[in-house]
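Everything on this sheet refers to the single structure shown next.
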Amino acid sequence: MASVWEMIIKAQLGKLEMEPPYHKFIIQKLQEHAIELAPLQGSELVKLELLPAIHKDPFDRILVCQSLEYDLFLVTDDSSILQYPAHFLH
């Protein structure tokens, strides 16, 4: 969910090319590729509190917390995210 939220914000700012209406485009692509969204739950807050303050982008910090909470792999080339110790990234 955090990624979708960020996509819409970036599209509105002109930083991401996407066909409007953004929500319809995103929903179509999610269905087309059978992608399930991880919901934002209160349980990620525990992970957030323990997460070192390496990355300043709140959306990226949410992604790290969700990957930990749901035991998912986080694929990224973001050098800030890659600075987290291995136990934070699996």
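Positions are given from 1 along the sequence.
Criterion: ILVMFWY side-chain heavy atoms under 4.5 Å apart, direct or through other members. Under it, Leu63 and Leu40 are not part of a common hydrophobic cluster. There is no path of hydrophobic side-chain contacts, each under 4.5 Å, that joins Ile62 to Leu50.
Here the side chain of Tyr84 pairs a donor or acceptor atom with the backbone of Pro52 at under 3.5 angstrom. Under the 3.5 Å distance criterion, the side-chain polar atoms of Lys15 are left unmatched by any main-chain donor or acceptor of Gln12.
Asp60 contributes atom CG, which lies 8.5 Å from atom OG of Ser3 (distance to the nearest 0.5 angstrom).
Between Gln41 and Pro39, the shortest heavy-atom distance links the atoms NE2-CG, 3.2 Å.
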Residues 17-37 side chain polar contacts: donor-acceptor under 3.5 Å, at least two apart:
none

Atom pairs and distances, donor-acceptor, side-chain atoms in residues 72-82, under 3.5 Å, two or more places apart:
unit_1 : atom_1 : unit_2 : atom_2 : d
Thr76  : OG1    : Asp78  : N      : 2.9
Asp78  : OD1    : His55  : NE2    : 3.4
Asp78  : OD1    : Ser80  : N      : 2.8
Asp78  : OD1    : Ile81  : N      : 3.2
Asp78  : OD2    : His55  : NE2    : 3.0

Which pairs would a plain distance check flag for residues 4-11, meaning a side-chain donor or acceptor within less than 3.5 Å of a matching protein atom at least two apart in sequence or in another chain?
none

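Applying the salt bridge (charged side-chain N to carboxylate O under 4.0 Å, His left out) criterion to Glu69, with sequence neighbours excluded, gives Lys47.
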